[in-house]
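Scroll down for the structure; my scribbles are underneath it.
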Amino acid sequence: MAQLTRVSGSVGLITLQNPPVNALSAAVRQGIVDTVKKAVSDPLVKCVVICGQNGVFCGGADIREFGAPMTGPPLVPMIHAIEATNKPVVAAIEGAALGGGLELALGCHYRIIHSKARVGLPEVTLGLLPAAGGSQRLPRLIGVPAALELITTGRHVSAAEALKLGIVDQVTDDNTVDTTVKFALSVVGRSLESRRISTFPCPPVSDLDAVFDVAMQRVRQSARGAIAPVTCVQAVRAAATLPYTQGMKREQELMATLFTSGQARALQYCFFAQRAVSRWSMPSGARWDTSKPRPISKAAVIGLGTMGRGIAVALAQAGLSVVAVETQEKQLMDAKQAVSGMLERGAKRRGVAPALGLVSYSHNIQAVAEADLVIEAVFEDMDLKKKVFQQLSAVCKPGTLLCTNTSSLDVDHLASQTPSPELVVGMHFFAPAHVMKLLEVVYGPRSSPQAVATAMQLGKKMGKVSVAVGNCRGFVGNRMLKPYMEQAFFLLEEGATPELVDQALEEFGFAMGVFRMSDLSGLDVGWRVRKADGLVDPDATSGRSARIRQGRRYSPLGDLLCEQGRFGQKAGRGWYQYDKPGSRVAKPDPWLHNFLEQYRARHGLGVRHIDHQEVLERCLYALINEGFRILEDGIAAGPEDIDAIYVFGYGWPRYRGGPMFYAGMVGLANVLERLEHFHQVHPDVPYLQPCSLLRRLVASGSPPIQKWREVIRKVHSQL
Ligand SMILES: CCCCCC/C=C/CC(=O)SCCNC(=O)CCNC(=O)[C@H](O)C(C)(C)COP(=O)(O)OP(=O)(O)OC[C@H]1O[C@@H](n2cnc3c(N)ncnc32)[C@H](O)[C@@H]1OP(=O)(O)O
């Protein structure tokens, strides 16, 4: 809706009313069309101001409407009508003017912005382009290079930058609407000819082809298969090369190709999934809206290895005072230098002062006595972590939340080391912890809802996408990774190479294939875990039993590489070879190919042709199947939680929505059919046996992902 009132005698004030962000729903668009018409035809109104209710101008088109046939007046003629009026129309931008919201403002004759507001055209992040004239007006207003950058990245711009770029006419620290009303009155009577952006020529660029070639190269490289950034470049090119009306036609054509694409659907799903995970719930019934977080002002980190350092930086950057504890003197000195460096570089990038003073260092665990929350990040060893938790219980003030950054150990077992297990949760960060967006908040059976709420809120403060998950081996992300990696190993045994497997996964859109990722994170990490699990058997060298553990198929390939000291990048060799230890450029390794041949010969394994499709189906469907098991077990509350974890923590291509969304796109019946087939061929691989929840969903007619929770609830209620 939109409301028209007359203020200051002759200003028609149009207020967009659609909480929480005044998105341009059909009703709002209708309201704007009606109120603009009324204001223009009212002789008492000399000028018009458009603002948004509750401190937000407009968050753009209503994304929830995208899935259904369009109703209500379209945006493009609505914005043209505003631009064409002969009374000055001024946008009063508070909070945000994004997407269609900025496009609406660009149709106005002037724009006034509050100093704390931001603007941007983030359509590309939703798989779209600014198709309400944004791709044609912005380049005309601020020039091609700046518009290209903003439109292809979807970056939000501060008020100060918006003024510098020429997107807005004035920045105010005062009441935005009052300032804009005064401004509007001051421009009454001035000619509007020079204020209609659609009539501007596009500012000339010296070597247009070169500018667009570079932009296209940049987006192709960074987008890795995403189509919207490429289409955005094409739309801006239309602005630079065609008259406005033809450019608009091209904008609409390009948008039509994107609007119904699977990528746009996936990206829009991700937008809502990211928000849905903050509304967490636990199987006990505890929920985000009934659990109050505790205030945390002082935090502590125990263990300043790679993870601990990143966590300390993330906490300090969120404005918390941090006590960083490391018992080894040399490690403490190194950490101090590394943390300061990270804080300084981060501050420089963000244009703020580094929070160096917020971090204090100690080699004594007693230093955490006053902390409200402690995050343990010592070496991944249960005995060591147990000792730390026992020490913390003795040292910390009553009520301190004790968190562990373990990536795989039992959070409940650690909780049992303390007299207050309800105050213990996992906070599983991803390396580098100050950069990666994902945080798994792991609750054990005894974690209190308040402890979960506090960790979730702290994650939000650190700018993380925090997902609450139950306690099980590997939690959600690493638990699903296991069957995925297992399939990759089996494919090598059957005839594939690391290059083939990685190429298939990288063409799918992963930032890194499974073997390049394994080389990066270090093969010894998994080796240690497998040793602890009693899976590594150096004496089992040939025969079928060498590839069977606990009655299931097992590939010792990773163990064999580790025995050769091939730990990955840091050793200069792993699944690939590197010029030197620590080098990042992976090269195919003839030694490894030879090793694989010998291994297959020793085990009497026939080599067969494996194509990309099989790599994808075997690896991804095994991973997805485990995702269904996780839902069935109640470890994740819904598919959105799993998808957010994979998109924000595991390099799953966002434009494919996450593994569970992808399963829905492929068709659950197809996933089931392929898993059944693979399980028949490999009956000794339990991960390929289709999970009963998947069968249940297919039997219920493969409902859309938004309806899966109902089926899951039914499964749980029958248990
Ligand atoms: C050929 C066809 C032509 C069609 C032309 C279509 C043109 C499309 C152009 C567009 O405008 S696409 C939309 C572009 N806009 C955006 O991408 C902005 C998205 N929103 C945000 O970035 C943020 O929400 C915000 C506005 C910066 C506010 O952030 P804040 O952290 O304060 O709140 P949130 O938790 O993010 O959001 C609150 C609440 O509002 C929902 N919401 C936000 N924006 C929209 C929207 N544009 N449409 C519908 N709903 C929106 C959000 O989902 C939250 O609700 P939830 O229930 O918690 O999910």
Side-chain angles (χ1 to χ4, degrees), residues 16 18-29 32 52-80 93-107 114 116-138 150-151 153-159 228 231-232 235 248-261 264-265 267-280 288-289 456-457 460-461 463-466 638 640 644 654 706:
L16 313 186
N18 185 15
V21 301
N22 300 317
L24 295 163
S25 63
V28 172
R29 297 196 305 274
I32 296 173
Q53 196 185 38
N54 297 333
V56 183
F57 181 72
C58 175
D62 191 333
I63 306 166
R64 288 183 204 277
E65 287 186 350
F66 287 173
M70 170 135 176
T71 59
L75 273 177
V76 171
M78 179 192 95
I79 294 171
H80 274 145
I93 302 174
E94 288 178 296
L98 297 170
L102 179 57
E103 290 175 298
L104 168 65
L106 292 175
H114 189 267
K116 294 214 168 84
R118 53 201 164 131
V119 302
L121 293 175
E123 285 87 340
V124 69
T125 63
L126 298 168
L128 304 173
L129 63 88
S135 75
Q136 304 304 298
R137 282 197 179 90
L138 195 64
L150 288 190
I151 291 173
T153 60
R155 183 167 72 85
H156 294 187
V157 169
S158 68
T231 314
C232 283
M248 281 302 289
K249 206 167 150 247
R250 182 82 180 122
E251 181 189 88
Q252 295 308 303
E253 285 164 5
L254 290 167
M255 177 64 156
T257 63
L258 291 178
F259 203 65
T260 49
S261 74
R265 276 178 58 197
L267 287 160
Q268 288 154 27
Y269 163 82
C270 280
F271 175 85
F272 290 114
Q274 185 177 346
R275 283 151 182 83
V277 296
S278 62
R279 295 188 288 271
W280 56 272
W288 63 284
D289 50 353
M456 290 293 283
Q457 198 191 46
K460 188 171 178 192
K461 208 166 173 190
K464 307 286 179 204
V465 175
S466 309
E640 297 86 355
R654 198 179 159 105
Q706 292 76 7

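The model shown is predicted, which means the values in this text are computed figures rather than measured ones. Indexing begins at 1, ligand by ligand and atom by atom, following the structure's order.
Of the polar atoms of G59, at least one N or O is found under 3.5 Å from an N or O of ligand 1, judged by distance alone. No N or O atom of L126 sits closer than 3.5 Å to an N or O atom of ligand 1. The N/O atoms of A61, backbone and side chain alike, include one that comes under 3.5 Å of an N/O atom in ligand 1.
Under a 4.0 angstrom heavy-atom cut-off, R279 registers as being in contact with ligand 1. Heavy atoms of A131 come nearer than 4.0 angstrom to ligand 1 in no pair at all. Under a 4.0 angstrom heavy-atom cut-off, R118 registers as being in contact with ligand 1. Distances from ligand 1 to the non-hydrogen atoms of A96 include no value under 4.0 Å.
Which parts of ligand 1 touch F271 is read off a 4.0 Å heavy-atom cut-off, strictly below it: atoms 19 (C), 20 (N), 43 (C), 44 (N), 53 (O). Under a 4.0 Å criterion applied to the non-hydrogen atoms of G100, ligand 1 contributes the atoms 9 (C), 10 (C), 11 (O). The ligand atoms of ligand 1 that sit less than 4.0 angstrom from a heavy atom of G99 are 11 (O), 14 (C). Heavy-atom contacts of R64 reach the following atoms of ligand 1: 53 (O), 55 (O), 56 (P), 57 (O), 59 (O) (cutoff under 4.0 Å). Remark: ligand 1 atoms within the under-4.0 Å shell around heavy atoms of G60 are 11 (O). Heavy-atom proximity to E123, at under 4.0 Å, picks out these atoms of ligand 1: 9 (C), 10 (C), 11 (O), 12 (S).
Here the side chains of E103 and L121 are in contact, with some heavy-atom distance below 4.5 Å. The closest side-chain heavy-atom distance from R29 to L75 is below 4.5 Å. Between T125 and F271 the shortest side-chain heavy-atom distance does not fall below 4.5 Å. Between R64 and F272, some side-chain heavy-atom pair lies under the 4.5 Å cut-off.
When every heavy atom of N18 is checked against every heavy atom of Q53, the shortest pair comes out as N-OE1, 3.9 Å.
Using a 4.0 Å threshold on non-hydrogen atoms, atom 16 (C) of ligand 1 counts as touching the protein. Distance check for atom 31 (O) of ligand 1: every protein heavy atom is found at 4.0 Å or beyond. Distance remark: protein heavy atom present below 4.0 angstrom from atom 22 (O) of ligand 1.
Under a cut-off of 6.0 angstrom, the local environment of CZ in R654 is crowded, with over 12 non-hydrogen atoms contributed by other residues, nucleotides or ligands.
Closest protein heavy atom to atom 25 (C) of ligand 1: L98 CD1, 4.3 Å.
Here D62 has heavy atoms under 4.0 Å from ligand 1 in both its backbone and its side chain.
From E251, atom CD reaches atom OG1 of T231 across 12.0 Å, with rounding to the nearest 0.5 Å.
In this structure, of R275, K460, E251, the residue bringing a heavy atom nearest to atom 54 (C) of ligand 1 is R275.
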